[in-house]
Amino acid sequence: MSIQLEKKIIDAIKDPASIKVIATVSKEGIVHVTPKGSLTVDENGRIKFLELLEKSQTQKNLVYSIWFDKFVAVNIITADRKSYLIKGKIYKTINSGKVFQDEYVAVQEKLGYDIDLSAIWLVDAEEVSEQTFEVRREILETAYPYEKHVDRFAKDELRFAK
Amino acid sequence: MAQLEFNTEWRKKEESLDEIIKKYPELPPISILEIDAHRRGVFYTDKALERLDESVHQVTEYTLRDKTQRKVPASLTFRDGSHLVVGEDFTKTAREPYLVDVVDDKIVLVDKDKVYEEVSFWEKPKFFDKVTSRGTPMKNVIAARPQRYSIQPSKFCHFWECAKDGCKYCSYGSSGVKYHGRPDDLINLQDVEETMRELVKEPGRFVGVILTGGSILTGSKLCEDELQIYIEVLQAMGTVFKTKKWPSQVNSTALDKEQLQRLYDQTGLTSYTTDLEVFDEELYKWVCPGKAKAIPQAEWKKRLFDAVDVFGKGRVDTGLVSGVELAKPNGFKSEAEALKKDFETAEEMASHGVLIKHDIWHVGDNSIFRGQLTPSLDYYVQLTKGLYEINQKYGLSGDMDSYRKCGMHPNINLDRI
């Protein structure tokens, strides 16, 4: 089931200083991770990004995902090193019509007239989690208090003795 | 609302869409739905037609059997960006079509009250509203799908000079007869050039073109006049491009090697198609008698192999009108027999570098085969899967005839992943 993204997540996605990557999987089950500078949130709250190359592995994997109802994952790394993981399913791709052509023109005006646009992709978010290290450490070490190395339980005078 | 009457008995005899989707988990459900929608056609509800905007969408006008006038979307695009190439006007199957309806504010494909997929209407290019300096509406010069444009150099097919020689599944051949000997049988080159000048002003609109029309058998040797019109049209089109070669496909009568070389050398053409139509030689003679008399199947195949020498591996393809090999009374008696022969011929062609595709047979009212029943969905899915695997086995990419450049070839559409 799709969910609405919180404002802080939308702000992180839309911040030009954020680094955005997308992970997809191929029909052979091989994971593929690429940066996606175009990734944003559209007027309906869906994650939207562009694929410029028709024959790219990401494009193939996205088609595989929409055909076989597979997840894709996006990670947003903010300027202050926070990390947000969004898992979702492809809603649709747009590769013709006015919406596509307007985006095509915008891409060429921004990146140059020798750059193509293959498709616009829209993703429904289904799960969001913060992956910032300190946040995950707190959550996981609270949930699994004994899944740590023994030296971390030792008295400091012993643990750090020379 | 216009009413359709169909016999629903077929549902008791055939596996349903849901059953076929379950039976072939290795194929995308959306692609199986597309195959079935191609096979059964579509019909638009009044609610769906309220979403039709003639200033935006491409429209088809036609008359139903009960004389009701219809103005409907040209066709539909699916969520995965593939295009269904099925006009309501050629939905003349014995099975009831899918309904295109509006549910929860979305345009959707529906069968027996079950919503299967969200779809959208095709949009028209801007040049459709313009006319050439000769007064010809540009939409009559160049036709369009969402990502591909097409040109018909000739309307009259010489195989219909004698009606019994026409291909029996063809709905266009008989309607093209009225152009025989008329000046507007051949396309006007000035109209082509002017329309092309407008077409290339639409950024992001098209990724390729196909030129195809009626066969022309005349000239100093067989099909020489047909070759000449293709060369002239391609040269007129080429005036708008800065490169010698540009994305393009000709689907013609099978030309000989010397003609193919001229077609390649003198134009911007990058890929070539000539369709065998029926893969069994005896059935080819029955279904396509004119073609078989002019160019026997063995020669047709040789010309395809020659085309690979000229255009390159993966730049030449051939198709079958899938299902006509089961037409009554002379067709195969079982779908299994038909598939066996189709795969044998496909393997032979692919082993010579010829890409294989199939077009789902629509039984048109204007065709000699009118009233026949097309095969089951199971046959079409098996054929699609088998032809896809044969192309893969021989390393044949379907780019020249892909989901963007055509959309009517389910096995090639699977190439996307």
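Here is how names work: the chains are called A, B, and so on, in the same order as the sequence lines, proteins then strands, and each is numbered from 1.
Heavy atoms of A:Gln57 lying under 4.5 Å from chain B are absent altogether. In this structure, chain A has a heavy atom under 4.5 Å from the backbone of B:Glu26, while its side chain stays farther away. Proximity to chain A is limited to the backbone of B:Pro25, based on heavy atoms less than 4.5 angstrom apart. For A:Leu62, no part lies under 4.5 angstrom from a heavy atom of chain B. With a threshold of 4.5 angstrom between heavy atoms, B:Ser31 approaches chain A through side-chain atoms but not through N, CA, C or O. Both the backbone and the side chain of A:Tyr64 come within less than 4.5 Å of a heavy atom of chain B. Interface remark: B:Phe121 contributes no atoms to any contact with chain A (heavy atom separation under 4.5 Å).
In plain terms, the two heavy atoms of B:Arg416 and A:Lys60 that are nearest each other are O-CG, 3.3 Å. Closest heavy-atom contact between B:Ile30 and A:Trp67: CG2-CD1, 3.5 Å. In terms of heavy atoms, B:Ile417 sits closest to A:Lys27 at O-CE, 3.3 Å. Heavy-atom minimum distance, A:Gly97 versus B:Glu123: CA-OE1, 3.3 Å. Taking both residues in full, the closest heavy atoms of A:Val105 and B:Pro203 are given as CG2-CG, 3.6 Å, listed atom of the first, atom of the second, then distance. Scanning both residues, A:Ser96 and B:Gln147, for their nearest heavy atoms gives CB-CG, 4.0 Å.
Chosen from A:Lys92, A:Lys98, A:Glu54, A:Glu103, the residue pairing most often with chain B at heavy-atom distances under 4.5 Å is A:Glu54. Of the residues considered (B:Asp399, B:Thr77, B:Val207), B:Asp399 shows the highest number of contacts with chain A, using heavy-atom pairs under 4.5 Å. Per-residue heavy-atom pair counts under 4.5 Å with chain A were compared for B:Glu118, B:His83, B:Arg404, and the maximum is reached by B:Arg404.
Atom NZ of B:Lys245 sits in a crowded spot, with more than 12 heavy atoms from other residues, nucleotides or ligands closer than 6.0 Å. At most 12 heavy atoms of other shown residues, nucleotides or ligands fall within 6.0 angstrom of atom OH in A:Tyr146. Within a 6.0 Å radius of NZ in B:Lys139, other residues, nucleotides and ligands contribute 12 heavy atoms or fewer. The 12-atom threshold is exceeded at NZ of A:Lys148, counting heavy atoms of other residues, nucleotides or ligands nearer than 6.0 Å. For A:Asn44, the CG atom counts as densely surrounded, since its 6.0 Å shell holds more than 12 non-hydrogen atoms of other residues, nucleotides or ligands. When the shell of 6.0 Å around NZ of A:Lys155 is examined, it contains 12 or fewer heavy atoms from other residues, nucleotides or ligands. At most 12 non-hydrogen atoms from other residues, nucleotides or ligands lie less than 6.0 angstrom from NZ of A:Lys82. Atom CD of A:Glu141 sits in a crowded spot, with more than 12 heavy atoms from other residues, nucleotides or ligands closer than 6.0 Å.
B:Arg79 places no side-chain N or O within 3.5 Å of a backbone atom of A:Thr93 that could act as its donor or acceptor partner.
Atoms OG and NZ, from B:Ser397 and A:Lys55 in turn, are 5.0 Å apart once rounded to the nearest 0.5 Å.
Annotation: side chain of B:Tyr403 is in contact with side chain of A:Asn95 (closest heavy-atom distance under 4.5 Å). Taking 4.5 Å as the limit, every side-chain heavy atom of B:Phe78 sits out of range of all side-chain heavy atoms of A:Ile66.
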